[in-house]
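Since the model is a prediction, treat every value here as computed from it, not as a measurement. A, B, ... follow the sequence lines: proteins, then strands. Residue 1 opens every chain.
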Number of protein chains: 4
Amino acid sequence: MPRTPAENERIRQATKEQILKAAMELFFSKGYHATSIDDVAKTAKISKGLLYHYFKGKEDLIAALVDLRLQDLLFVMEAAAAKPTPAEQIRHIAEGALEDVRRKPEVFRFYLNLFTQPRLDPVVAKYSQRLMDEQEKQFEVQTEMFTKLGVANPRKRSIYFSSTLQGIMLMFSTYPNTFPLDEVKAQVIEEFCSP
Amino acid sequence: MPRTPAENERIRQATKEQILKAAMELFFSKGYHATSIDDVAKTAKISKGLLYHYFKGKEDLIAALVDLRLQDLLFVMEAAAAKPTPAEQIRHIAEGALEDVRRKPEVFRFYLNLFTQPRLDPVVAKYSQRLMDEQEKQFEVQTEMFTKLGVANPRKRSIYFSSTLQGIMLMFSTYPNTFPLDEVKAQVIEEFCSP
Amino acid sequence: MPRTPAENERIRQATKEQILKAAMELFFSKGYHATSIDDVAKTAKISKGLLYHYFKGKEDLIAALVDLRLQDLLFVMEAAAAKPTPAEQIRHIAEGALEDVRRKPEVFRFYLNLFTQPRLDPVVAKYSQRLMDEQEKQFEVQTEMFTKLGVANPRKRSIYFSSTLQGIMLMFSTYPNTFPLDEVKAQVIEEFCSP
Amino acid sequence: MPRTPAENERIRQATKEQILKAAMELFFSKGYHATSIDDVAKTAKISKGLLYHYFKGKEDLIAALVDLRLQDLLFVMEAAAAKPTPAEQIRHIAEGALEDVRRKPEVFRFYLNLFTQPRLDPVVAKYSQRLMDEQEKQFEVQTEMFTKLGVANPRKRSIYFSSTLQGIMLMFSTYPNTFPLDEVKAQVIEEFCSP
DNA sequence: TATGAATGAGCTTTCATTCAT
DNA sequence: AATGAATGAAAGCTCATTCAT
């Protein structure tokens, strides 16, 4: 008797997750190009063939990871938007971003690396672009928050805020052991979360 | 009739530069992994064999590019150190960095990409490390400047300054057409160059 | 409640036919090598596993198709042999063959393609051989017909007849839209069906 | 000192020929699909890499072979056209074709196999098409010859001639040991080369 | 009878590097 | 100093077939 569709679906999801987990682990530590499909399959303890049963190819793996990342970013943004005051909203963005990088600096590092990929890389560029597009969308929302906060030049303020935040995350993910994240975080919040 | 040794040396230097120029052009636009040795040789209009005569391999090319970059960074730092007052020194660092990224955003982007390379990439990681080491050294010098400037917590201030600067460069190199670099630059200088 | 054995048998036959129909459709249009087992199963709307339940493998599919083809050829030959006079017998062969190719040029094309397969193709060659063997057997029967017809050199005549017929079928199946099959058929019959 | 361009060209041509010869040998005996690039490289006694240095891929090999074939066909046709009378022209076509298949039945067989490839085979179909196109062009020329010969319905006559010729070649290449080519050839010439 | 997840051998192709000249 | 023919390891991917259910 064949497995039930539900059972199959369960197996599918479990295996896909297993594969994505392996891909993450390897991409994060060795990078996309230095990771081979064979590596991923071995790490996920499945055959290469099965990997191709679930993903169209190596590129599909990074596409899936980028999708997950975009969901995460969106999630933080939505949680921020749900806050009652603009000050709290901006504070949530800052804290969300900084706590995220604190927990998994190498993950941030990986996506930043993807983000800074040369624009003509034949495979990776399009995922870099997706991340940039999302960031741009979120930037608009964030500018609106600064407007409501009542600062003088909200667009410029928003840019400066994003730059500072990105810079901190970049620095922290580079020197996770020595960077004084708490202090810096406090200063950011002090500086940007009051009108 | 054989060339003179001096003539030979001139040709050698010219050819090496030609190769490095080609490598830069390609690495900056397509990235290290997507660029093949064949590409570099063709772009430099020389044979693959000759390329291997001057450079040990593909990795040696990126090593040379990183060396050039380190020289550039050092040069800015030395010029800054030569300024009479700490305020001017810090201002020079900020202006040097920002004008550099303004001129060649894709170059900064490339080195930032290298900088954020996963730590276990078997070939690229070590150049990533070199850039990090140099940045750390410069950070110490810069902290000294902030000390002389007389700010309360110079180490923290220096970190915050670096983060901001790096963040701005990252953002500008991502959105070179819309980022208001002049305004932001003015603000940075205002914020960090007075005690 | 279990199915009756008769019911089971009916389902078996229906499924096998479904699979063979799918295989035909795909082999005829894309060819044996370009058709995957997955294609066949999907087209037949059954699972891969079930396909393997009914057929030993991909090769078994082509074996079944060749068997069907041989039956068809045999059928025409037997119908011809049943005709009262040799002239009518030969005429029946010609008409049978030409009407067959008229109806399904791509089918003839496929078997001709199989027929002309290189002799060392590790999987397909043996089916090519079967078709050749059958044709040879039929050729003997046909030569006997020409003998009865009373032509001078019946063997040579039979060969010439077969060649002409095969040539016409080849040409028609290549240019089904422009080839004047009726005219040519009439000429063939005129030329070969009188002593 | 590097090799001279002329010397390089000589090496290139020799190696390319070596590869094409190996490809022919294998394609003719095992078929396109059953022949791997590895087979070809091993037979040509070169590395796989070198094969790709000279040919873009497996498909490029068959493209080259088809080009050679088209040249051969064209050559026969031009030689025929150079004959003074239409009867001699047609005779030359018949003899050219039949002598060619006599010499290398497996070559004809291979190209016929290619010619009869299913129309949707993703790689091979286009070369099949090229052969068909060329045959159609030659058919027009041949029809003109029959017109000059003064037969009643030259187009039909030309079709019938081509069909017969193709049929003979098909039969001979199938049964090269028993097919009475000389006799049949004589009959063809008798039948088609007089007004 | 029926499913589709899972395997693994083998394929085409790329590319850093070497080597004869 | 200079060329480009030649190599070979390793990559991404396909697919006939098997197997647990």
Side-chain angles (χ1 to χ4, degrees), chain A residues 1-5 7-12 14-15 33-41 46-59 123, chain B residues 2-3 7-8 11-12 15 33 35-42 46-61 123, chain C residues 2-3 7-8 11-12 15 33 35-42 46-61 123, chain D residues 1-5 7-12 14-15 33 35-41 45-59 123:
Chain A
M1 299 302 129
R3 294 194 192 86
T4 65
E7 174 71 358
N8 266 327
E9 186 56 24
R10 209 188 47 73
I11 292 176
R12 288 182 68 82
T15 308
H33 285 109
T35 300
S36 74
I37 286 288
D38 220 69
D39 285 340
V40 179
I46 52 144
S47 67
K48 253 190 298 187
L50 191 58
L51 194 155
Y52 278 92
H53 186 65
Y54 288 110
F55 294 91
K56 276 196 291 255
K58 196 179 172 185
E59 200 179 328
V123 280
Chain B
R3 299 194 192 86
E7 179 70 0
N8 261 335
I11 291 177
R12 287 183 60 85
T15 306
H33 285 107
T35 299
S36 71
I37 286 287
D38 224 74
D39 282 341
V40 179
K42 281 211 176 80
I46 51 135
S47 69
K48 257 189 299 191
L50 193 57
L51 194 155
Y52 275 89
H53 182 72
Y54 285 113
F55 295 91
K56 269 185 295 211
K58 196 179 172 183
E59 198 179 329
D60 206 25
L61 285 176
V123 346
Chain C
R3 298 193 193 85
E7 178 70 359
N8 261 336
I11 291 177
R12 287 182 60 84
T15 306
H33 286 107
T35 299
S36 71
I37 286 287
D38 224 73
D39 283 339
V40 178
K42 281 210 176 81
I46 52 135
S47 69
K48 259 190 297 191
L50 194 56
L51 194 154
Y52 274 90
H53 181 71
Y54 286 112
F55 294 92
K56 269 184 295 213
K58 197 178 172 184
E59 198 179 330
D60 206 23
L61 285 175
V123 347
Chain D
M1 301 298 130
R3 292 194 194 86
T4 65
E7 174 71 358
N8 267 326
E9 187 55 26
R10 208 187 48 74
I11 291 176
R12 288 182 67 82
T15 308
H33 286 110
T35 300
S36 74
I37 286 288
D38 218 68
D39 285 340
V40 178
K45 285 174 187 156
I46 52 145
S47 67
K48 257 190 293 188
L50 191 57
L51 196 154
Y52 278 91
H53 185 66
Y54 287 111
F55 294 92
K56 277 196 289 258
K58 196 178 170 183
E59 200 179 328
V123 280

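Within the nucleic acid shown, B/G57 comes within 4.0 Å of sugar-phosphate atoms alone, with no base atom in reach, counting heavy atoms only. Using a 4.0 Å heavy-atom criterion, one finds that B/F55 contacts no nucleic acid atom at all. Using a 4.0 Å heavy-atom cutoff across all strands shown, A/T4 reaches no nucleic acid atom at all. Looking at heavy-atom distances under 4.0 Å, A/I11 makes contact with sugar-phosphate atoms alone, never a base. Among the protein residues, B/K48 comes within range of the nucleic acid bases, having at least one heavy atom under 4.0 Å from a base atom.
Distance OH (D/Y52) to C1' (E/dT17): 20 Å, rounded to an integer number of Å. Atom-to-atom, CZ of A/R12 to C1' of E/dT3 comes out at 13 Å; the value is rounded to the nearest Å. What separates CG of B/L50 from C1' of E/dT18 is a distance of 15 Å, to the nearest Å. If you take CD of D/E9 and C1' of E/dT21, they are 17 Å apart, rounded to a whole angstrom. Rounded to whole Å, the distance from CG on A/L51 to C1' on F/dC15 is 15 Å. For A/R10 and F/dA20, the CZ to C1' distance is 13 Å, given to the nearest whole Å. C/K42 places its NZ atom 13 Å from the C1' atom of E/dT3, with the value rounded to the nearest Å. Spacing between atom CG of B/D39 and atom C1' of E/dT14 amounts to 12 Å, rounded to whole angstrom units.
Of all nucleotides listed (F/dA5, E/dA5, F/dT3), F/dT3 comes nearest to the side chain of B/S47. For D/S36, counting side-chain heavy atoms from C-beta on, the closest listed nucleotide (F/dT3, E/dC11, E/dT7) is E/dC11.
The two residues B/T35 and B/V40 have their closest heavy-atom pair at CG2-CG2, 3.7 Å. Shown here for C/I46 and C/T15, the closest heavy-atom pair between the two residues is CG2-CG2, 4.5 Å. Closest non-hydrogen pair, C/Y54 versus C/D60, comes out as O-OD2, 4.5 Å.
Between C/K58 and A/I37, the residue anchored nearer the 5' end of DNA chain F, judged by the nucleotide with its closest heavy atom, is A/I37. Judged by closest nucleotide on DNA chain E, C/I46 is the one of C/I46 and B/E59 placed further toward the 5' end. With DNA chain E read from its 5' end, the first of the two nearest nucleotides for B/K56 and C/Y54 is the one closest to C/Y54. DNA chain F is contacted by both A/H33 and B/G49; B/G49 maps to the nucleotide lying nearer its 5′ end (nearest heavy atom per residue).
The line from OG of A/S47 to NE2 of A/H53 is 10.0 Å long, rounded to the nearest 0.5 Å. Within the model, atoms CG of C/L61 and NZ of C/K56 stand 12.0 Å from one another, a figure rounded to the nearest 0.5 Å. Separation of atoms CG (D/D39) and NZ (D/K48) is listed at 10.5 Å; rounding is to 0.5 Å.
Side-chain contact between B/V123 and B/K58 is absent, with no heavy atoms from C-beta onward closer than 4.5 Å. Side-chain contact between A/E9 and A/R3 is absent, with no heavy-atom pair separated by less than 4.5 Å.
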Exercise. Which string of ( ) [ ] | and . matches DNA chain F, if you list each base 5' to 3' and count Watson-Crick or G-U pairs only when both distances are under 3.5 Å?
Worked result: .||||||||||||||||||||
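At the phosphate of F/dA6, neither OP1 nor OP2 sits under 4.0 Å from any side-chain N or O atom of D/H53.
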